[in-house]
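Presented below is the structure to which this report refers.
Just so it is clear, the model here is predicted, and its values are computed rather than measured.
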Amino acid sequence: MKKSADYAEKTLAAYKLGMKAKGSIAGVQIQVDPQGCEQCQKLDPEAIYHPDQAPRIPLPQCDRDRSCQCVYRPVMTYQIQDDT
């Protein structure tokens with residue numbers, strides 16, 4: 001299934017709204033498609049991004065374009081370990 005042209009903007013805006021509303025969303029991660037292109041494989045699947053700084057998927061260099069199967073996933077506050 002192809003992503004809509006505004007997939008990244010709509011998805012990240014929804015997560016940002018959840019963060020702004022003091023919800024339990026701490027940020028977003030990118031779930032990388034294991035069969036994805038070389039550019040997507042370079043993304044760090046453990047990185048947690050603020051929606052404003054998250055790479056926009058599909059990546060401009062992705063050879064699958066809107067058929068890219070990488071997706072954003074919310075990271076909940078309870079999933080983040082407190083290192084203190």
Who are the side chain to side chain contact (heavy atoms under 4.5 Å, CB included) partners of [X], not counting sequence neighbours?
| X | answer |
| --- | --- |
| Q35 | D33, R64 |
| E38 | K42 |
| A47 | D44, Y49 |

Nearest-0.5 Å distance that lies between atom [atom1] in [X] and atom [atom2] in [Y]:
| X | Y | atom1 | atom2 | answer |
| --- | --- | --- | --- | --- |
| L12 | Q53 | CG | CD | 10.5 Å |
| Q29 | I48 | CD | CD1 | 5.0 Å |
| Q79 | T77 | CD | OG1 | 8.5 Å |
| C40 | Q61 | SG | CD | 8.5 Å |

Give every donor-acceptor pair under 3.5 Å between a side-chain atom in residues 67-76 and any protein atom, sequence neighbours left out.
unit_1 : atom_1 : unit_2 : atom_2 : d
Q69    : NE2    : S67    : O      : 2.9
Y72    : OH     : P55    : O      : 2.6
Y72    : OH     : I57    : N      : 3.0
R73    : NE     : Q31    : OE1    : 2.8

| request: Specify the closest pair of heavy atoms between K3 and P58, including all atoms of both residues, with the distance to one decimal. | output: CD-CD, 4.1 Å
| remark: Heavy atoms of A5 and R66 approach each other most closely as N-NE, 3.9 Å
| request: Check the pair T11, V28 against side-chain contact (heavy atoms from CB on, under 4.5 Å), reporting the backbone distance first and the verdict last. | output: CA-CA 10 Å; T11 304; V28 297; over 6 Å; no
| message | Once salt bridge (charged side-chain N to carboxylate O under 4.0 Å, His left out) is applied, what residue pairs with a partner in residues 6-18 remain, sequence neighbours excluded? | response | D6-K10, K16-D52
